[in-house]
Trainee: 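Take a look at this one; I'll ask things after.
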Protein chains: 2
Amino acid sequence: MKAYELALDHIEEGILSGRYEVGSILPPERELATQLGIGRSSVREAIRALESQGVLDSAVGAGPASGTRVTSDQSRALTRLLKLHVSLGKYPVDDVVEARVSLERGSAALASTHATADALARLAEVVEAMEAAESIAEFSPLDTGFHVLIAEVSENTLISDLTRAVREALLQPIARASARMADWPGFRDGLNEQHRRIFAAIQAGDPDAAADLMEHHIRHAYSILPMNGAMP
Amino acid sequence: MKAYELALDHIEEGILSGRYEVGSILPPERELATQLGIGRSSVREAIRALESQGVLDSAVGAGPASGTRVTSDQSRALTRLLKLHVSLGKYPVDDVVEARVSLERGSAALASTHATADALARLAEVVEAMEAAESIAEFSPLDTGFHVLIAEVSENTLISDLTRAVREALLQPIARASARMADWPGFRDGLNEQHRRIFAAIQAGDPDAAADLMEHHIRHAYSILPMNGAMP
DNA sequence: CGACCGCCATTGGTCTGACCATACGTCAGT
DNA sequence: ACTGACGTATGGTCAGACCAATGGCGGTCG
């Protein structure tokens with residue numbers, strides 16, 4: 001058993017068993033090291049591993065605000081994880097498309113039943129901004145924002161996090177593929193038309209229509225985007 | 001900028017830019033440290049962070065098989081990540097249910113169109129084993145195995161990894177909830193009946209039926225399981 | 001008496017240097 | 001040509017030192 005794994009297991013066990021909850025403060029690194037009979041650097045490596053998973057957060061200084069604290073900030077960690085593995089080509093483009101279809105059908109349907117007036121207003125704003133966008137550099141982040149916003153409106157934290165992670169992991173590849181397109185303006189116009197319809201379905205509170213339109217939208221986009229190559 | 005973040009960014013950038021691909025070997029820790037002008041311990045912390053995300057893998061010794069190598073072994077990392085955050089109560093049980101519904105509708109539908117004779121045989125085996133299971137300790141892992149197996153049969157690596165991660169993150173909580181049930185044998189019989197039907201739909205190659213049955217199955221289970229409390 | 005200011009303790013962040021464990025490569029000896 | 005011992009490269013680990021940030025405590029001044 002490697003020393004840093006000992007520390008990792010110790011902290012993980014504390015979390016899984018409920019001894020640590022969000023907000024708990026871990027013992028100081030030096031103390032944890034002597035407790036476990038290992039060096040401080042090994043403890044730090046374990047802390048770093050968990051920190052990169054959004055489970056811990058460290059703060060220097062003295063007093064109650066300092067020390068290493070248990071958090072649960074998964075979104076960034078999940079996004080980074082997926083982005084790296086997508087970039088490494090672990091997932092074929094078809095698989096990612098199917099996953100997006102499954103997830104976003106769900107978020108679109110949930111959004112249809114949860115959307116507040118405020119949420120609809122924000123969605124409408126993005127839809128209009130996309131229609132005004134001239135360049136790929138302008139359009140692409142808005143498009144991502146549209147899908148992420150729907151996931152957020154669905155008020156389902158897990159689906160929202162997963163959707164955001166998958167979509168953001170594809171931001172770069174999609175932008176690159178768009179740049180290779182012959183008739184990008186036409187492609188964009190088609191997407192905007194679909195965005196309008198999805199928005200209308202959500203506004204109308206029609207989950208089935210929203211899900212179907214979303215599925216069609218995603219499949220349509222990938223059937224045209226030249227995503228061929230190692231990068232999905 | 002913290003020193004270990006410098007190393008983290010350097011390595012990540014190398015991966016996202018394509019300079020490193022799966023199988024690439026990173027420079028030795030000592031060399032990377034001098035290259036970046038930081039200490040070796042900082043380099044190690046960055047490596048550890050990426051290793052915990054299934055992106056790197058270290059091996060001691062000399063020769064071509066040694067050193068820190070780029071991999072893409074996400075499954076374990078993803079499972080650990082979700083398990084920890086589920087345990088920390090970041091995700092309400094209803095959210096997890098909806099996410100499972102979205103993901104497993106997809107995997108059930110895909111499995112219906114991809115199932116080989118061998119895959120069907122393995123599924124049948126699990127279904128029969130579940131019907132023979134007497135105790136919760138016996139049944140619970142088989143149940144997880146059934147859902148994971150369907151995800152695998154779908155031949156979609158991303159959906160499969162996500163399904164497995166979500167399902168395995170719930171293994172402990174589900175087992176605990178089952179133990180609190182009054183009429184567990186009756187509950188189990190109901191599940192087995194549904195498992196049979198899902199299997200039949202996959203065997204028949206009917207994606208829509210498989211998806212609907214899967215959704216009903218998941219919602220039914222959670223409507224009965226006493227999952228109340230912080231632990232979803 | 002109260003407010004302010006500066007020292008000090010605590011805690012993470014980092015570096016250095018050392019040594020260990022492991023595995024491969026090489027070279028001498030058979 | 002085979003074999004075994006030794007050297008070397010690499011990650012794994014530790015000890016110790018110092019830095020940086022931060023908050024608390026106590027003393028001093030108004």
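Both backbone and side-chain heavy atoms feed into the values below; hydrogens, waters and symmetry mates do not. Lettering follows sequence order; numbering is per chain, from 1.
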Trainee: Report the distance from atom CD of Glu29(A) to atom P of dG13(C), rounded to the nearest whole Å.
Mentor: 6 Å

Trainee: Give Ala33(B) one of three labels, base, sugar-phosphate or nothing, depending on what nucleic acid heavy atoms sit under 4.0 Å from its own.
Mentor: nothing

Trainee: Can you check whether Ser66(B) has a side-chain N or O nearer than 4.0 Å to OP1 or OP2 of dT22(C)?
Mentor: no

Trainee: Could you check if a side-chain atom of Glu128(B) sits within less than 4.5 angstrom of a side-chain atom of His195(B), using non-hydrogen atoms only?
Mentor: no

Trainee: Give one of base, sugar-phosphate or nothing for Gly63(B), where a contact means two heavy atoms less than 4.0 Å apart.
Mentor: sugar-phosphate

Trainee: Say you draw a straight line from CG of Asp95(B) to CD of Glu155(A); how long is it, rounded to the nearest 0.5 Å?
Mentor: 9.0 Å

Trainee: Between Ile38(A) and Arg30(B), just flag the one whose closest nucleotide in DNA chain D comes earlier from the 5' side.
Mentor: Arg30(B)

Trainee: Touch check for Gly39(A), heavy atoms < 4.0 angstrom, all strands: base, sugar-phosphate only, or nothing?
Mentor: sugar-phosphate

Trainee: Hey, which sits more toward the 5' end of DNA chain D by its nearest nucleotide, Ala62(A) or Val43(A)?
Mentor: Val43(A)

Trainee: If you check the Tyr4(B) side chain, which of dT14(C), dT13(D), dG12(C) turns out closest?
Mentor: dT14(C)

Trainee: Between the base of dG12(D) and the side chain of Arg40(B), is there a donor and acceptor pair under 3.5 angstrom?
Mentor: yes

Trainee: Please report the distance, rounded to the nearest Å, between CD in Glu51(A) and C1' in dG13(C).
Mentor: 11 Å

Trainee: Distance only, no hydrogens: is a donor on one side chain within 3.5 Å (strictly under) of an acceptor on the other, for Ser58(B) and Thr68(B)?
Mentor: yes

Trainee: Checking side-chain contact (heavy atoms from CB on, under 4.5 Å) against Ser107(A), which of Ile150(A), Val153(A), Leu149(A) comes through?
Mentor: Ile150(A)

Trainee: Look at Arg48(A) and dG13(C) and indicate whether a side-chain polar atom (N or O) is within less than 4.0 Å of OP1 or OP2.
Mentor: yes

Trainee: Please determine if a side-chain N or O atom of Arg44(A) lies less than 4.0 Å away from the OP1 or OP2 oxygen of dG13(C).
Mentor: yes

Trainee: Looking at Ser42(A), I'd like to know whether one of its side-chain N or O atoms comes within less than 4.0 Å of OP1 or OP2 on dC14(D).
Mentor: yes

Trainee: Between dG12(D) atom P and Met1(A) atom CE, what is the distance in whole Å?
Mentor: 15 Å

